[in-house]
Number of protein chains: 2
Amino acid sequence: MKEPQSSLFDKQESSNPVDHNPAKFNRKPITPATAQQKIADYVRIIDTEKVSIYTAGGRFLAEDVQAPHPYPHFRRSGMDGYAVIASDIAQASSDHLIWLQVIDNIPCGQTPSVQLIQGTAARIMTGAMVPDEADTVVMLEMTETRQAEGQEWVGFKRSVEQGRNITPIGLEIEAGDILLTKGAQISAGEISVLATFGVHEVGVYRRPQVAIFSTGTELLSVEEPIEPGKIRNSNSYMLAEQVKAAGGEPHVLGAIMDDLELARTTMLHALSSYDIVISSGGVSVGDYDVMGDLVRSDEVEMLFNKISMRPGSVTTGAVKDGKLLFALSGNPGACFVGCELLVRPTIRQMMNSKQDYLPEWTATLGHDYHKINSFTRYVRGTIAVEEGKIVAYPASLDESSVMVTIKDSDCLIVIPPTSEVLPAGTTVSVLRLSR
Amino acid sequence: MKEPQSSLFDKQESSNPVDHNPAKFNRKPITPATAQQKIADYVRIIDTEKVSIYTAGGRFLAEDVQAPHPYPHFRRSGMDGYAVIASDIAQASSDHLIWLQVIDNIPCGQTPSVQLIQGTAARIMTGAMVPDEADTVVMLEMTETRQAEGQEWVGFKRSVEQGRNITPIGLEIEAGDILLTKGAQISAGEISVLATFGVHEVGVYRRPQVAIFSTGTELLSVEEPIEPGKIRNSNSYMLAEQVKAAGGEPHVLGAIMDDLELARTTMLHALSSYDIVISSGGVSVGDYDVMGDLVRSDEVEMLFNKISMRPGSVTTGAVKDGKLLFALSGNPGACFVGCELLVRPTIRQMMNSKQDYLPEWTATLGHDYHKINSFTRYVRGTIAVEEGKIVAYPASLDESSVMVTIKDSDCLIVIPPTSEVLPAGTTVSVLRLSR
């Protein structure tokens, strides 16, 4: 790959990495789907906590929420008008108005103040509680009023079907109905439901705590001035944002040392203190392969160290005491894709999300794609809608792409292994990114 | 509309709202686009602040970010292999290997330690700095090595085009290039760019502070037990989440009293303390129209009090000393739509976002739509992709819809004014919601 590696190369050990560590060249690739499944098999649902409705946005529900009462919980007027007994106005017509005495006025939020009897009506607002005795609400526009004998009267020009404009108790929701299901991510619509039913505190999954390391002690931090030959550690900050967007809580923990023993201690400590550990860099052929050495050791169980995908074929996954460790490529594009395809689903699976993987759509390739590869390629791109059809445009392929394609992409276009140019118009899958 | 109003109705004043306040019936509707434009004309760009790259995610850039140095800022090796002077190996072939003495080993992050001269080569890693004297990098797989005379030698089987595998300084980005533009929302890709260029602090727009009121003193708070005839104030919590998602900072401030003088004081105070004020309820015919009375007063300039749309036709907009006031419908569905169509763009325009309005796509209507209306209808729905085409399904139309359609929707389907059933297959616009 023609892309920079944010990783350390050790002078002594790697002067001939082919001889030094032949295992690196003999990695057995598995498919992206197999890698995802191997990880999913180890995911453990995280513990839960209660949060207030004020801070519940973005969290994942840890419980089904049942309706504590029906909705509406009273017979609700669907119109601004008059609550009546329908039989009272059965004979009404424009020639022969029927007049009822207005004996009550029921605004929203109040209960009827008197009992309705035959020959009477109650002025009622949309959303207000219909008196038990009334069976119909007539809309205001179909009535007229007059004062007579010191009383208010309402006249009806026609009869109205019994039951009209009254929403029965529980029509929308019965008590005990499941309102929201475990694993749902809470946004404005869910908040509205919770508030309507008085659920001011709700059980959600704790945000997975994600430790983020870079490899390579010689990467510059974002605060340091630039130096010849060096590059800044951009992946850790990018990963932190991706982890946040997925629903996790990132902890940027700096660089893993090129001393294997020290690296081992650091990683094992992180695995015991955090729910997930990610590193970027240090997994490629020729890198000082601290992550590789670590996952090949007896202390962690390696799940895979090669995936038949580009970018990021060297992505490595491992597990230790039920905690997942992801060693992502140091290449920014590969690091981004590895996090979206593997880490994001893990974070969301830990919170029982049913939308764990990036949502997949079918699209039409917008222009020819020229890169040929025996691995599946996840190409950063953008979705456009043209005449109601989804068209996916791969990001430009020149070398400037690395710097801009992550920020300018809203999808990953899945280009299957191919030995030929993939022409514009080909049907492809796209994975939607959540910007 | 057959939907509940979360608002107070005052017994005395509204016993006959038709007579009491004829102005309510004579509202002049403007189109949604006109309403949006009237608001946009009053939007003022908000002030800015500096934030660290750790907390910049989700914020909107208040400045163009220029590259402080080229990228790469050194001649970078695109391959793991050997840096050479191309003319040295011009005659190489598989029959006639050319051997160069390996005099350096350049890992990532380090500078070359000796000067390369004719007849020598430097082992170099992907991403490492190419010695000034070298003009080509040969990939590792095209070489072989041997030890001789106490020295390390590398053999080349063929010649390589000059310049191969070297990324020149500034190929991706020149110093001074615009990396990110003002108004861009910062997500993982932007963070990666900022970190790469050492921009650890960045100017962003301050989050607009949004005051949220409900109207109706008799609405139950989310913590209160349910009572006959009453409903809970769900809109304020829902609006708070919508405001957050748009990039603003919500402040739920409770109910506006049904005392006009008190309401006026409260609202004017809020308008002076916050950047935007929203209320829900109290704008419909028959409501105790505290918001209506307020916007008809001399103290604020009313922009509109009716929009030719459903739901939410009674939505009202006003301005006072350059601050925008939105009086949204109390109906939850109408309140949601009003916020997405009017408040969300305002928040984003204040932060210079170019993606201010909900993104609009063309889609095919998935099933017949039966509701007939002379106003444009924004119907909550879901997008599906079928054979690469976008199909939009309106949420179910029965009465249970109010409770579930907000949370289950990912778009608003724009149904133009129509006097007939809109058949499945019709081309419609959809506005994508950002869940």
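Letters A, B, ... are given to chains in the order of the sequence lines, protein chains preceding strands, and every chain is numbered from 1. When reading the values below, keep in mind they use all heavy atoms of this one structure, side chains included, and skip hydrogens, waters and symmetry mates.
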By a 4.5 Å heavy-atom criterion (distance strictly below it), what part of [X] contacts chain B: side chain, backbone, both, or neither?
| X | value |
| --- | --- |
| A:T427 | neither |
| A:L179 | backbone |
| A:T364 | neither |
| A:Y237 | both |
| A:I390 | both |
| A:I169 | neither |

Just give me the residue among [options] that pairs up with chain B most often, heavy atom to heavy atom, under 4.5 Å.
| options | answer |
| --- | --- |
| A:I53, A:T362, A:T196, A:D408 | A:T196 |
| A:M238, A:E224, A:E201 | A:M238 |
| A:Q242, A:Q185, A:E223 | A:E223 |
| A:R75, A:E386, A:H200 | A:H200 |

Rounded at 0.5 Å granularity, tell me how far [atom1] in [X] sits from [atom2] in [Y].
| X | Y | atom1 | atom2 | result |
| --- | --- | --- | --- | --- |
| B:R232 | A:S192 | CZ | OG | 12.5 Å |
| A:L219 | A:N235 | CG | CG | 8.5 Å |
| A:E340 | A:S409 | CD | OG | 10.5 Å |
| B:I383 | B:D410 | CD1 | CG | 5.0 Å |
| A:R380 | A:T405 | CZ | OG1 | 3.5 Å |

With sequence neighbours excluded, residues passing salt bridge (Lys or Arg N to Asp or Glu O under 4.0 Å) with A:K407 = none
Contacts of type salt bridge (Lys or Arg N to Asp or Glu O under 4.0 Å), residue B:E144, not counting sequence neighbours = none
Determine, for B:K244 against B:E241, whether the closest basic-nitrogen to carboxylate-oxygen distance falls under 4.0 angstrom.
-> yes
Okay, B:I124 and chain A: the region with an atom under 4.5 Å from a heavy atom over there is neither
Residue selection (most heavy-atom pairs with chain A, distance under 4.5 Å) from [options]:
| options | value |
| --- | --- |
| B:A363, B:S434, B:A195 | B:A195 |
| B:S236, B:G198, B:A384 | B:G198 |
| B:S221, B:S187, B:A188, B:A184 | B:A188 |
| B:I226, B:V193, B:L239, B:I191 | B:I226 |

Say whether, by atom type as modelled, one donor and one acceptor occur between the side chain of B:H73 and the main chain of A:E227 under 3.5 angstrom.
-> yes
Return yes when atom CD of A:E387 has more than 12 non-hydrogen atoms of other residues, nucleotides or ligands closer than 6.0 Å, and no otherwise.
-> no
